[in-house]
Amino acid sequence: MMDAGRHPNIELLSYSAVVDVQGYVGNFQVRVKKKPRYIDLTKCTGCGECVKECPVEVDSEFEVGLTKRKAIYRPFAQAIPPAFVIDKRPSPCKSTCPAHIPVQGYIALIGQGKYDKALALIRETTAFVGTLGRVCHHPCELECKRKDVEAPLAICALKRFAYDVAAPTAPPPAPVERVYGEKVAIVGTGPAGLSAAYDLVRMGYGVTVYEALPVAGGMLAVGIPAYRLPKDVLQQEIDYIKALGVEIKLNTPIGRDGGPTLEDLRRDYDAVFLAVGAHRSRQLNVPGEDLPGVLHSTDFLRALNLGQEVKIGKRVAVIGGGNAAIDAARSALRLGSQVTIVYRRSRAEMPAIPAEVDAAEEEGIAFHFLATPVRILGENGRMTAMECIRMELGAPDESGRRRPVPVPSSEFTLEVDTVIVSIGQQPDLAPLAGVEATGWGTLTADPDTMATPVEGVFAGGDAVTGPASAVWAVAAGKRAAESIHRYLRGLDLRQGRVFEWPKAADIQVEIPAGIEKAARREMAALPMAERKSTFKEVELGFTEEEARAEAARCLSCAVCSECQECVKLCEAKAIDHNMREEFVDLEVGTIIVATGFADFDPTRLPQYSYGRSPNILTGMEFERLTSAGGPTGGEILTAEGKVPERVAIIHCVGSRDVNANRHCSRVCCMYALKHAHLVREMTGAEVYEFYMDMRTFGKGYEEFYERVQEDGVIFVRGRGTEVRVREDGKLVVRAEDTNLGRPVSATVDMVILGTGMEARPDADQVARLFGLGRTADGFFAEAHPKLRPVETNTEGVFLAGTCQGPRDVPDTVAHASAAAAQALALMSKGVVTISPTVSHVLTRFCTGCGKCVLACPYNAISLNGDGKAEVNAALCKGCGTCAAACPSDAIVPLHFTDDQLVAQIVGVLQ
Amino acid sequence: MSGDGFEPRIVAFLCNWCSYAGADTAGVSRLELPPNILPVRVMCSGRVSAEMVLKALLSGADGVLVLGCHIGDCHYGSGNHRTVKRIPLLRRLMTYMGIEPDRLRLDWVSGAEAGHFAKITTEFVEAVRALGPLSLPLREDLDTG
Amino acid sequence: MSEEIRIGVYICQCGINIAATVDVAEVVQFASRLPNVVVARDYKYTCSEPGQEQIKHDIRELDVNRVVVASCTPRMHEVTFQRVLDAAGINPYYFSMANIREHVSWVTRDKSQATEKAKHLVKSAVDRVRWQEPLFPRTEKVIDKALVVGGGIAGIQAALTIADAGYKVYLVEKEPSIGGHMAQLNKTFPTLDCST
Amino acid sequence: MIEDIRALARELLEKGAVKCVIGYEVGPTGRVRPAFVYEPGEVERLIFDGRCDQNLVTYLTRRNKPRKKGEEVPTTAVVVKPCDARSLRVLLNEHQVQRDKVYIIGVACHGMQNADGTPELRCTRCDQRVPLLYDALCGEPPEVLAVRDAYEDVQQIEALPLEERLAYWLGELDRCIRCYACRQACPTCFCSVCEAERDDSLWVGIADRIPEKAFFHIIRAFHQAGRCTECNACEAVCPMGIPLSLINRKIAKDVAQMMGGYRAGESEEPTPLVTMLTGEEAIDEIH
């Protein structure tokens with residue numbers, strides 16, 4: 001192993017996989033994917049400091065699950081290369097989060113009580129920790145895999161907890177040093193604008209943010225009521241951003257009321273980001289809409305949030321089903337009114353956060369689903385009632401939701417004196433002369449880069465998407481910041497960026513077997529009386545105990561949580577969490593496939609009770625138990641830590657068994673004897689060995705068998721048929737003793753299953769990649785069972801070791817040496833002869849239909865630029881299947897042409 | 001061919017790697033085979049097109065035998081997967097047009113299955129013999145230019 | 001292809017392997033009358049040195065430019081005879097073979113039936129060879145680098161062997177470390193020596 | 001429906017999105033025929049009704065290939081019924097049509113009618129009312145009737161004794177005059193040189209006799225295995241009234257039965273004869 005690691009002629013590509021093989025014998029083009037190790041092999045010294053603070057533990061593959069390892073690890077002490085590696089997989093939460101906050105990271109830190117580190121980690125992505133921790137619609141929780149156990153994690157509440165606990169004591173931030181001369185103007189201090197500002201200022205740009213209103217925060221400040229987001233939380237977060245060096249100009253609208261125009265900004269700044277939000281409310285368009293008492297939720301909430309006096313009546317109807325509608329309704333309730341929400345679809349279609357709808361209902365707000373106003377009635381200029389019509393759900397519309405249609409003659413009247421309209425908002429683009437708008441009245445911008453058609457102007461947030469949620473605005477601001485940085489640095493806006501993260505549904509996460517259920521914690525809420533009458537925050541946040549318990553539920557889907565603790569510990573600066581997978585293209589003359597075998601998984605044979613007692617071990621598990629570097633330091637102990645008194649070893653588990661694999665795995669007899677010997681030698685325990693027949697075919701093997709017999713091992717000739725776990729934990733092994741001709745059983749402390757070898761689960765994929773055949777046992781097929789044991793039917797590709805069939809170490813080494821010799825013979829000869837009996841395309845007749853391409857077993861045919869079939873003569877083996885598939889007789893297998901065969905057929909018959 | 005009775009002429013398409021080798025093995029084993037079988041060697045049974053079968057039948061063959069490697073043993077991996085679609089489909093079409101299905105047979109013979117080869121060929125010749133000559137108008141002078 | 005097609009047909013007796021069941025002389029007679037056939041001969045062992053020489057002689061002296069040999073299975077001697085053509089200066093793909101031993105003489109008892117079948121097969125081969133075309137094998141260089149996929153004991157052994165011979169080897173391993181199953185083993189049978 | 005087609009055609013031509021719209025029009029004799037509309041002003045020619053039974057996809061194959069090397073292929077719009085869409089899917093699968101060079105005006109189909117107003121036979125067997133692929137859909141689909149093609153016509157032949165079948169087919173095929181109208185009308189018969197018309201007469205010569213005629217028809221049908229969508233165009237144009245669809249439909253029926261219910265033009269997977277792998281279960285079928 002060591003030699004292979006440092007041989008000057010060997011280039012080791014670890015943590016890598018071949019993904020494509022093209023070409024032919026002597027001239028293969030191979031593409032290798034290098035998985036990101038997140039550790040620079042050239043810098044890592046292997047000191048192991050990084051492991052100390054890693055909060056994530058998973059089963060060690062090397063110790064076959066007998067011990068744990070961290071997310072940053074070295075597979076085993078003597079690993080080659082000796083560097084560490086970070087086990088990082090996609091996680092549903094981070095992938096789903098529009099802003100891609102490292103969810104698992106801060107949850108792991110909270111779980112360890114490192115709240116300040118959790119806050120700092122979130123702040124690396126967003127400044128709105130306390131804010132998003134309160135108002136986020138948390139799509140992450142919908143995808144959290146813990147839902148498959150009992151319920152998703154309370155991710156949002158944990159984020160809030162990190163903020164609430166750590167922010168008050170966190171040291172105030174220092175202004176960021178300017179790195180670049182450029183200045184960026186941002187219009188709008190909402191979550192999109194300030195997120196862009198936050199990222200840009202940290203990159204080292206000068207940032208000025210313009211705000212039309214007297215307060216900063218956009219919809220967070222004037223759209224969301226204080227009972228959901230207390231003013232001081234938002235203000236503290238904006239102050240944090242300001243402290244980094246962002247300048248905010250309040251009361252400065254753009255393009256109106258004497259403020260600077262967009263043109264002015266383009267002239268005075270190097271880039272502009274438009275994040276003006278969507279503050280203009282859509283109209284209801286029904287008669288009576290102009291009556292006093294008809295308000296719009298945006299105006300109503302803004303006035304309320306700005307501390308202006310708002311007058312509403314006693315009976316209020318809120319029209320709409322979004323978050324703004326719920327906010328307006330719950331605010332009206334707090335002003336002492338009776339409130340009804342009228343929504344044209346059903347509850348299931350409401351776009352509002354479900355928990356908010358529930359809270360509104362708890363507080364006593366009434367709902368009229370499947371109804372919509374048709375007119376507002378008044379008397380003497382005063383509103384008296386609102387006439388509605390019932391709706392039913394028809395066919396799905398473009399959004400996929402079922403379109404509501406009115407039920408004829410189902411009008412009814414609600415007696416109300418105030419109507420708050422909340423059926424959608426648009427941005428007010430009138431002052432922004434020169435920018436392009438869509439048919440929806442929103443700004444035109446590239447959804448990935450946020451670039452508008454106007455040079456140097458970017459746009460994002462509600463102004464582009466229409467009203468959406470705060471975290472989407474944060475994400476838009478972050479994307480815009482990156483784009484602006486690239487724009488100002490003259491870099492490509494797209495290259496190397498990931499816009500599409502893996503879909504949660506596509507992320508495979510294995511839920512550990514036997515996981516214990518743990519209920520999701522919910523935050524305590526303000527008493528109902530206080531809720532209904534004040535604007536105090538309703539949800540009270542987690543206690544420390546609740547937060548840690550909740551954090552402990554995390555399944556660590558991503559393994560590495562990206563908490564960055566290792567980065568701080570690594571003195572060699574070898575860790576880079578932003579590494580990406582790389583592709584390496586190789587040109588080689590020969591290929592040796594040595595992909596090995598898979599251990600048989602004994603859970604497939606339930607009669608052996610594997611997994612039902614920790615003292616039923618596979619051969620490999622026992623192997624680790626005897627190793628000085630293993631989990632017990634080389635002592636053979638039961639799971640209870642005792643030296644076993646009686647041990648049973650069962651041969652042929654998963655081999656020579658019609659219910660598993662028919663083949664003999666060849667090594668199990670011998671390793672079972674070795675295990676028996678070790679047990680006898682190290683513990684003196686009684687050993688029962690259940691075997692079918694003893695296969696000791698190798699040099700010195702029979703002698704070893706004799707030695708083990710002399711060790712006093714008790715041999716029972718007959719397949720171990722069943723292992724039962726007794727209530728006291730003892731294990732009962734049953735077998736049919738074929739020598740005595742009767743059933744026998746043994747009660748033991750430990751069972752070692754002689755698990756066999758089988759083809760790897762990915763063998764089919766590998767076979768296709770290299771053009772290999774497979775034998776009935778699943779292993780790769782050699783070219784001839786006796787005469788060509790290392791060659792394959794793909795010339796230039798050779799097999800080495802157990803990928804071709806079960807074999808022990810000396811046979812593997814011999815087989816591998818033979819494969820190497822074959823490869824060397826080809827390479828030292830330097831040339832290969834390629835048979836001319838290959839297929840040839842008559843382009844005049846070829847229509848490019850592609851049937852030959854599909855029929856060819858060797859992928860030797862492709863369609864060229866002219867849409868004609870083309871044969872790669874080096875890959876073609878001359879079978880002629882293409883010719884039989886071609887309706888135009890346009891492809892000719894040379895030496896077996898249609899002419900020749902017809903002549904032969906007709907000739908033989910005459 | 002000798003004899004008073006009808007002696008069918010059978011074109012047998014044999015794949016190089018299995019069935020041709022199987023026929024050779026039959027020879028090496030000195031098995032007696034009906035002399036009516038006229039082998040045409042192809043590299044793979046997947047090479048045998050519908051045209052070739054039809055051509056044989058219209059050129060005087062009373063039956064056509066297509067023999068390949070067993071599924072899974074094709075020297076080329078999947079060549080016989082094409083044969084196993086094409087020939088049975090053609091056989092059904094032929095039958096539909098009024099030609100006895102027993103005049104076309106697809107089967108698998110490995111290089112070692114000499115006995116199997118003898119059995120299949122004998123059976124087939126007897127079946128076609130029982131059917132009598134394939135009588136199609138003008139079939140023996142199909143215009144091939 | 002304006003060149004005149006001149007076919008030489010060689011019927012092998014294969015000792016008595018063929019001659020005992022097939023009337024070789026009659027087949028020669030039959031073959032010599034087939035179109036384009038300029039010479040038809042039989043010989044005891046066509047694959048033998050003198051048999052091969054006869055073919056070469058006819059190519060040289062009689063301007064034979066297509067060759068049909070009726071003898072054993074092409075799986076046995078096709079390459080032998082192709083080499084003869086090559087040595088005599090004509091393209092080896094101008095060669096066709098009729099299998100009158102495994103497919104005729106060894107499997108047919110009745111001599112007339114066997115002779116009849118042999119004629120069919122010879123006719124078939126003669127008709128075929130008329131359509132055959134010269135083909136030329138290509139040679140390609142072999143890149144002097146090897147790829148070893150899998151870093152277990154087999155992969156390591158193969159990689160080291162090739163690398164020691166002075167060739168470059170890329171060793172691709174899916175896991176973060178090479179070693180495979182072998183690295184997990186403690187002592188190996190039968191000598192119980194250390195595996196690492 | 002007609003107005004939708006015209007409006008769409010006009011828009012496409014005006015925008016320059018397509019160079020030509022292939023649809024249907026009423027010809028001078030009062031019969032419906034294919035229309036090739038190049039000018040927005042001419043879209044009023046376009047009609048659509050129960051007489052539009054021609055498969056216009058046939059006209060795409062030639063238009064969709066560059067005549068000269070490097071020539072830009074013009075984009076064409078074509079009116080496509082559900083059955084025609086299957087032909088188009090076959091052409092797309094076999095690279096004869098570039099998807100981005102064709103604008104598919106799908107029509108919701110109420111079935112085609114014969115001159116006497118009775119539904120066309122093939123439409124009584126069809127269960128598709130909306131094309132499987134289109135860029136724009138014109139018209140409202142009628143209720144989908146769950147009709148399953150029972151292949152009764154094919155079964156009738158299958159029920160005949162062998163000698164009667166042979167006599168029937170020899171009689172039918174002997175009427176063939178080798179005019180190749182069937183081949184020309186077929187949307188999926190697109191070889192540049194037909195096997196039956198090769199200079200070297202490799203498989204079949206030019207003689208006008210039964211063996212040659214039978215060879216041609218059997219092989220043409222066989223080449224359509226897994227590709228023929230039973231559009232009936234071949235039979236419709238045959239001047240001798242040979243029941244060609246009976247051959248094609250037999251193959252279609254067998255392909256579906258033998259190859260996992262495959263129906264030509266309903267998936268992006270080309271004909272199973274060259275794509276489908278088979279397990280041991282196929283052995284039952286082989287002899």
Side-chain angles (χ1 to χ4, degrees), chain A residues 1 3-4 7 9-18 26-27 30 32 75 78-80 85 586-596 623 626-627 670 674 700-701 704 800-801 809 812-813 816-817 819-820 823-824 826-827 830-836 894-895 899-900 903-904 907-908, chain C residues 93 120-121 123-124 126-128 130-133 135-163 165-192 196:
Chain A
M1 247 175 83
D3 295 341
H7 199 293
N9 284 345
I10 297 179
E11 184 172 332
L12 178 56
L13 298 159
S14 59
Y15 219 32
S16 303
V18 175
N27 301 271
V30 180
V32 177
Q78 307 83 4
I80 305 283
V85 57
L586 307 176
E587 292 211 326
V588 296
T590 57
I591 296 174
I592 293 177
V593 176
T595 48
E623 197 73 48
T626 64
S627 170
M670 288 306 296
K674 176 184 78 178
Y701 291 10
F704 184 74
V809 174
T812 295
V813 173
S817 300
L824 281 171
L826 253 178
M827 288 192 288
V831 288
V832 284
T833 305
I834 296 183
S835 164
L894 296 176
H895 210 49
D899 298 318
Q900 291 161 4
Q904 201 177 348
V908 85
Chain C
Y93 291 91
H120 277 277
L121 297 189
K123 164 91 168 48
S124 178
V126 168
D127 286 352
R128 188 190 205 281
R130 228 180 267 126
W131 287 90
Q132 281 173 208
E133 294 164 319
L135 300 173
F136 303 92
R138 293 190 300 138
T139 56
E140 292 273 351
K141 63 169 187 0
V142 176
I143 296 170
D144 60 350
K145 293 175 189 154
L147 167 70
V148 176
V149 187
I153 174 124
I156 292 171
Q157 171 71 20
L160 282 173
T161 307
I162 297 170
Y167 293 93
K168 168 104 186 179
V169 181
Y170 299 101
L171 178 56
V172 174
E173 168 56 49
K174 193 167 78 156
E175 300 297 326
S177 168
I178 56 170
H181 282 94
M182 183 70 182
Q184 287 172 286
L185 302 180
N186 179 25
K187 293 171 175 172
T188 52
F189 58 80
T191 49
L192 299 189
T196 34

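Within every chain, numbering begins at 1; the chains are lettered A, B, ... in the order of the sequence lines, protein sequences first and strands thereafter. Because only heavy atoms are used, hydrogens play no part in the values below, and waters and symmetry mates are left out as well, while side chains stay in. Just so you know, these numbers come straight off a predicted model, no measurement behind them.
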Check whether [X] reaches the backbone of [Y] with its side chain - one donor and one acceptor, N or O, closer than 3.5 Å.
| X | Y | answer |
| --- | --- | --- |
| C:Ser124 | A:Gly907 | no |
| C:Gln157 | A:Ser817 | no |
| A:Ser16 | C:Lys174 | no |
| C:Asn186 | A:Thr626 | yes |

How close do [X] and [Y] get, counting heavy atoms only, and between which atoms?
| X | Y | answer |
| --- | --- | --- |
| C:Ala165 | A:Leu824 | CB-CD2, 3.6 Å |
| C:Val142 | A:Gly589 | CG1-CA, 4.1 Å |
| C:Ala163 | A:Ile10 | CB-CG1, 3.5 Å |

Could you grab the distance from atom [atom1] of [X] to atom [atom2] of [Y], nearest 0.5 Å is fine?
| X | Y | atom1 | atom2 | value |
| --- | --- | --- | --- | --- |
| A:Ile592 | C:Ile162 | CD1 | CD1 | 3.5 Å |
| A:Glu587 | C:Lys168 | CD | NZ | 13.5 Å |
| A:His7 | C:Leu171 | NE2 | CG | 12.0 Å |
| C:Leu185 | A:Glu623 | CG | CD | 4.5 Å |
| A:Leu13 | C:Tyr170 | CG | OH | 8.5 Å |
| A:Met827 | C:Ile143 | CE | CD1 | 11.0 Å |

Quick one: what part of [X] sits under 4.5 Å from any heavy atom of chain C, side chain, backbone, both or neither?
| X | value |
| --- | --- |
| A:Val30 | side chain |
| A:Val32 | side chain |
| A:Leu894 | both |
| A:Tyr15 | both |
| A:Val85 | side chain |
| A:His895 | both |

Chain C contacts, top residue of [options] (heavy-atom pairs, under 4.5 Å):
| options | value |
| --- | --- |
| A:Gly801, A:Gly596, A:Ala79, A:Ala823 | A:Ala79 |
| A:Leu826, A:Val813, A:Thr812 | A:Val813 |
| A:Ile591, A:Val832, A:Thr833 | A:Val832 |
| A:Asp3, A:Ile80, A:Thr595, A:Leu12 | A:Ile80 |

- Query: Tell me, side chain or backbone of C:Phe136 under 4.5 Å from chain A's heavy atoms, or both, or neither?
  - Reply: backbone
- Message: Given heavy-atom pairs under 4.5 angstrom as the criterion, report whether the side chain, backbone, both or neither of C:Glu140 touches chain A.
- Response: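 For C:Glu140, backbone and side chain are both near chain A.
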- Any side-chain heavy-atom pair from A:Pro836 and C:Pro137 closer than 4.5 angstrom?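 Touching, per the 4.5 Å side-chain cut-off.
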- May I ask you to test the A:Val908-C:Leu121 pair for a side-chain heavy-atom distance under 4.5 Å?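 They are in side-chain contact.
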Of the listed residues ([options]), which shares the most heavy-atom pairs with chain A below a 4.5 Å separation?
| options | value |
| --- | --- |
| C:Arg128, C:Lys145, C:Glu173 | C:Arg128 |
| C:Gly150, C:Pro190, C:Ala154 | C:Pro190 |
| C:Thr191, C:Ile153, C:Val169 | C:Val169 |

